[in-house]
Visitor: 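Take a look at the following structure, please.
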Number of protein chains: 2
Amino acid sequence: MDLDVRRLRVLYEVALRGGITAAAAALHVTPSAVSQQLGQLAREAGCELLERSGRGVVLTPAGHVLADHAKRIIGAVEQAQAGLAALRRDVNGTVRVGAFPSAAGALVAPAAARALARYPDLDIRVVEVEDQQSRLDLYSGTLDVIVLQEYDHVPTPLASDLDRHPIARDPMHLITPVGWGSRSGRLGDLRDVRWIASAEGTPCLRSTLHACRLAGFEPDIRHRAIDFALTLDLVDAGLGAALVPGLALRNVPSGVHIEPLADPVTERRIFAVTRSRGTGPRRPAIDAFLAELTATQRSDLEPVAAIR
Amino acid sequence: MDLDVRRLRVLYEVALRGGITAAAAALHVTPSAVSQQLGQLAREAGCELLERSGRGVVLTPAGHVLADHAKRIIGAVEQAQAGLAALRRDVNGTVRVGAFPSAAGALVAPAAARALARYPDLDIRVVEVEDQQSRLDLYSGTLDVIVLQEYDHVPTPLASDLDRHPIARDPMHLITPVGWGSRSGRLGDLRDVRWIASAEGTPCLRSTLHACRLAGFEPDIRHRAIDFALTLDLVDAGLGAALVPGLALRNVPSGVHIEPLADPVTERRIFAVTRSRGTGPRRPAIDAFLAELTATQRSDLEPVAAIR
DNA sequence: AGATCCATGAAGCGATGCTACAAGAAGACT
DNA sequence: AGTCTTCTTGTAGCATCGCTTCATGGATCT
């Protein structure tokens, strides 16, 4: 007669991921188990919650309603745990952090190290994630904190039930082979050279195109690299110029010349996102880690100077 | 790592009933099971939730916090069920109604019969309850609707998370042995006769005393009856007069004379109480029953005329 | 048409939660 | 004081539940 909250969790995950197999993967069980739980839940609810659509399933109206309630219930449970942890006032438990590669290495790792040093009972787990996937994992509780980037001309919309915690501004840098000599950051001087940029559809590529067009030319992109380390290696080999955010400039090859991008300054903003706790405290462990993350010094963002 | 909602239910029940044994009875399990669940919950929570105090247990601060969250979570689950039922728009399931005896017989039973006749899938269960106990059962979900009474000079406080649904006003009647002749409802004429009243501490007794004192005398109470049927039998035997609410006047013995109590009119108000659904619908089944209950005709409240 | 992916069902096994019973602690009664 | 009662907690055993594995049935893509 009563709805089982554990099954509601399963339904919520299915609604989030859009399928039984995906939900099963997120829950670390087999699709069969998910299917059985949903079947039982439908019996408890007294009506069909999802129907087959092609190869997969879609939620019925009742399924959507119930999934929405499930979200609220799961939030209330998490709030209870947070309230309890806040009452104990001790920072422990696990904090799962998802971040894109350059932030993970330059920002999250040091912050995690500081937090772990300060709170011995803390367990921080860093996962490299894709932007889109990370939001699902944040909603489902697989992740507690995600670190996102936002290029200044591409604002990132954020749902109202998520909290935004600014971390840093990360200015773009112009990098060229040392053989080319210094350009003093003038983008316009590089209208006729070969370029290295990120893959189609990435915000980094859009940012590069945006900056070049502002400077009055269309870059001649010859090479594509998603990993900034590869970008640096390509530049080091003299294959072209590139625009790279400062955070990615760690362990720079010796053949790469770096200079800050002169006016107009192009930069990306880096921020953390957590599930919003409408009322009531967040888990102290999460707050402790966020404190370390947002306390990042400006110097951490300019490793260029240290390397040059 | 996660708090189990089923265990939170157990904790909530313990907080409500004030003990493990009482909670176990309400949950229809053995105290041992409750104790084990609480132990497991304490391990999940990471701190003690209750401590022994004398023969029983009391909640620790953490226990109170968690029980409070549990209440919210349970409410959210119930809201989910209500939302689902409202979506199905069909009136079915079980409605458990608690009422004091006279209302149960005169009001609840006919309303339940009408509701059952109109909605074949409905399952209504009427339970005779004590006022105090019924509120706990309402909170814990053992009952969905309780019917309470309120004498006009003794207002009944109601928590903010409960909804009040007025049903009827039930005026008091003056009943005397037929041999005494008609008194035309003047209470002052009966200052020197023997009286029959309810037991110490009952609101009915307070109401009788209040009415007599307003009329300027202290009644000479010789007999005590809680059940109004017994009161009527005692009056029928010529042992005294009594003040009885109209609803109790069913199947009146032939030797009993009934007349409405003249000014000042003393009456009790009868109302139903349900758990408040802050936002979102109530279960259609409960609404359907409430509709029948509040649609009670005035004629139902004056069976006197039909019997006289 | 074959191949692939996804959801669902049946059988079996391990874990979980219950009952029954016993023991210990703290009032209440005589 | 001593005994009784009441309440909670612990242990052993058993039923139920939920998972995995394996197999089946649709639906889409090539």
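A, B, ... follow the sequence lines: proteins, then strands. Residue 1 opens every chain.
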Visitor: What residues from residues 6-13 of chain A pass a heavy-atom cutoff of under 4.0 Å to DNA chain C?
Guide: none
Visitor: Could you run through nucleotides 23-30 of chain D and give me one letter per nucleotide, 5' to 3': B if any protein heavy atom sits under 4.0 Å from the base, S if only the sugar-phosphate is that close, - if neither?
Guide: --B-SB--
Visitor: Show the nearest heavy-atom pair for residues A:P31 and A:I20, with the distance to one decimal.
Guide: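 So the two residues come closest at O-CG2, 3.7 Å.
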Visitor: Could you pull out all residues at least two apart from B:R17 that satisfy salt bridge (charged side-chain N to carboxylate O under 4.0 Å, His left out)?
Guide: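 Once residues adjacent in sequence are excluded, the partners of B:R17 under the salt bridge (charged side-chain N to carboxylate O under 4.0 Å, His left out) criterion are B:E13, B:D137.
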Visitor: Please enumerate all residues that pass salt bridge (charged side-chain N to carboxylate O under 4.0 Å, His left out) together with B:R222, with sequence neighbours excluded.
Guide: B:D220
Visitor: A:S102: what forms a side chain to side chain donor-acceptor pair (under 3.5 Å) with it, not counting sequence neighbours?
Guide: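 Checked A:S102 against side chain to side chain donor-acceptor pair (under 3.5 Å); matches are A:R268.
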Visitor: Tell me the interatomic distance from A:H28, atom NE2, to D:dG18, atom C1', rounded to whole angstroms.
Guide: 18 Å
Visitor: Please identify each residue that fulfils salt bridge (charged side-chain N to carboxylate O under 4.0 Å, His left out) with A:D68, with sequence neighbours left out.
Guide: A:R72
Visitor: Does the B:S53 side chain pair with the main chain of B:G56, one donor and one acceptor, at a distance under 3.5 Å?
Guide: no
Visitor: By the salt bridge (Lys or Arg N to Asp or Glu O under 4.0 Å) test, which pairs, at least two apart or in different chains, include something from residues 22-38 of chain A?
Guide: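 Residue pairs passing salt bridge (Lys or Arg N to Asp or Glu O under 4.0 Å), neighbours aside: none found.
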Visitor: Using atom types as modelled and distance alone, determine if a side-chain donor or acceptor of B:R275 lies under 3.5 Å from a backbone N or O of B:L138.
Guide: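 Such a contact is found between B:R275 side chain and B:L138 backbone.
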Visitor: Could you tell me how far apart A:L27 (CG) and D:dC19 (P) are, to the nearest whole angstrom?
Guide: 9 Å
Visitor: If the condition is side chain to side chain donor-acceptor pair (under 3.5 Å), which residues does A:R52 pass it with, not counting sequence neighbours?
Guide: none
Visitor: The criterion is side chain to side chain donor-acceptor pair (under 3.5 Å); which residues satisfy it with A:D227, sequence neighbours excluded?
Guide: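 For A:D227 there are no side chain to side chain donor-acceptor pair (under 3.5 Å) partners, ignoring immediate neighbours.
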Visitor: Is there a donor and acceptor pair, one atom on the side chain of B:T21 and one on the base of D:dT8, closer than 3.5 Å?
Guide: no
Visitor: From the 5' end of DNA chain C to its 3' end, which nucleotides mark the outer limits of contact with chain B, defined by a 4.0 Å heavy-atom distance cut-off (strictly under)?
Guide: C:dG17 to C:dA28
Visitor: Nearest 0.5 Å please: distance from the OG1 atom of A:T208 over to the OH atom of A:Y151.
Guide: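 It is 7.0 Å, given to the nearest 0.5 Å.
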Visitor: Minimum heavy-atom separation for B:C204 to B:S198, with atom names?
Guide: CB-CB, 4.0 Å
Visitor: Output the residues of residues 34-43 of chain A in contact with DNA chain C, where contact means a heavy atom of the residue under 4.0 Å from an atom of the strand; sort by number or write none.
Guide: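 Listed by number, they are A:S35, A:Q36.
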Visitor: Given atom CD of B:E48 and atom C1' of D:dT9, what is their separation to the nearest angstrom?
Guide: 13 Å
Visitor: Could you pull out all residues at least two apart from B:T274 that satisfy side chain to side chain donor-acceptor pair (under 3.5 Å)?
Guide: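 B:H165, B:R282.
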